[in-house]
Amino acid sequence: MLTVKEATPESFDGVDVALISASSEVSLALAPEAVKRGVLVIDDGSAYRMEPSVPLIVPEVNGEDVEWQSGIISIPNCTTTPLVMALAALRQRAKISSVTVSTYQSVTGTGAAARAELLAQSRDMLNGQELSPPTQYPHRIAFNLLPQVDDFVDDDYTKEELKMLNESRKILGDPGLRLAATCVRVPVEISHCESVSVEFDRPMSVDVAREALAEFPGIMLMDRPGESVYPMPSNSADEDEVMVGRVRRDLAHENGIILWLAADNLRKGAALNALQIMDECVKRDCVRPRVAAAV
Ligand code: 11C
């Protein structure tokens with residue numbers, strides 16, 4: 001049996017690690033209370049991700065950064081995590097000059113209510129019934145694609161698209177990384193997919209790219225196009241690995257390759273990454289901060 005209780009500041013007394021997966025408001029209210037009580041907070045929201053004193057971690061990419069935690073560690077947005085894993089694998093073979101990515105994001109990125117809305121709208125459309133007005137998105141999601149994930153901000157990019165840029169720069173330790181994202185919501189229940197074009201400072205062969213991706217921890221290469229074997233939501237949902245396939249030469253860029261990836265947004269995109277961060281802290285003996293709390 002699991003006991004569910006309202007989280008209050010006192011809930012953190014005597015706790016070692018708190019995993020917070022809620023709104024930014026909740027994280028902003030509760031994380032400092034936990035830190036005050038000596039608790040390590042692993043936060044799944046966007047509130048602290050870009051704070052310079054907060055490590056933003058994908059253990060396979062920058063696990064060593066947990067060592068400078070001062071009470072809070074953030075986990076990235078669920079589209080950033082699989083992307084930086086693929087980029088970290090590839091940049092072992094050649095310097096990356098630019099990245100162009102389009103995402104295909106499932107509705108569980110929004111939450112349970114969006115999943116319910118997708119299913120209800122799909123049922124109603126198939127039954128020829130009139131749809132209720134959408135509550136989760138600006139338009140219906142069933143039998144549709146929405147080229148908008150989160151609100152629009154600077155330069156007509158969405159927050160989600162800028163998260164992919166800024167979080168990737170921080171995790172990869174590459175503040176000059178050139179990356180442009182287009183984020184799209186698709187009528188899929190679980191798993192986010194991404195089409196990624198990567199340009200390098202020198203030629204990159206497809207074989208070398210495949211080898212680098214296959215060797216990288218946490219990535220499963222699933223790339224047998226002749227047999228129609230490639231990652232999809234249907235084979236990546238409920239799995240821990242980031243699946244990569246369709247690796248091929250970029251016909252539009254001399255030194256480029258293109259790939260396709262899929263990852264369970266609830267596992268590697270969220271809960272699994274949080275647990276792996278906790279393991280990394282235990283392994284490196286830094287569940288207790290080694291530097292003074294900054295929050
Ligand atoms: C989505 N990626 O699919 C978002 C959900 O910053 O942690 C996660 C938002 C975040 O809607």
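By convention here, the first residue in the shown sequence is residue 1. These numbers come from a predicted model, not from an experiment. Read the numbers this way: they start at 1 and go in the same order the structure lists the ligands and their atoms.
Evaluated by nearest non-hydrogen atom to atom 10 (C) of ligand 1, the leading choice among E167, Q105, R49 is R49. Compare E160, K163, M164, H192 by their heavy atoms: the one nearest to atom 4 (C) of ligand 1 is in E160.
Minimum interatomic distance between E239 and R267 (heavy atoms only, all atoms of both residues): O-CD, 3.5 Å. Looking at every heavy atom in both residues, D65 comes nearest to I57 through CB-CD1, 3.4 Å. Counting all heavy atoms, side chain and backbone alike, R202 lies closest to K95 at NH2-N, 4.0 Å.
Shortest contact from atom 8 (C) of ligand 1 to any protein heavy atom: N77 OD1, 3.4 Å. Looking at atom 11 (O) of ligand 1, its nearest protein heavy atom turns out to be R185 NH2, 2.6 Å. Ranking protein heavy atoms by distance to atom 5 (C) of ligand 1, first place goes to G109 O, 3.1 Å.
Close approach to D44 involves these atoms of ligand 1, each under 4.0 Å from a residue heavy atom: 7 (O). Atoms of ligand 1 found under 4.0 Å from any heavy atom of C78, numbered from 1 in the order shown, are 2 (N), 4 (C), 5 (C), 8 (C).
Using a 4.0 Å cut-off between charged side-chain N and carboxylate O, E215 and R93 make a salt bridge.
When the options T80, T81, T79, N77 are evaluated for a side chain to side chain donor-acceptor pair (under 3.5 Å) with E167, the one that passes is T80.
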task = Tell me, with the steps shown, if T108 and E189 meet side chain to side chain donor-acceptor pair (under 3.5 Å).
result = CA-CA 6 Å; T108 45; E189 287 184 81; over 6 Å; no
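Neither the backbone nor the side chain of N265 has any atom closer than 4.0 Å to an atom of ligand 1 (non-hydrogen atoms only).
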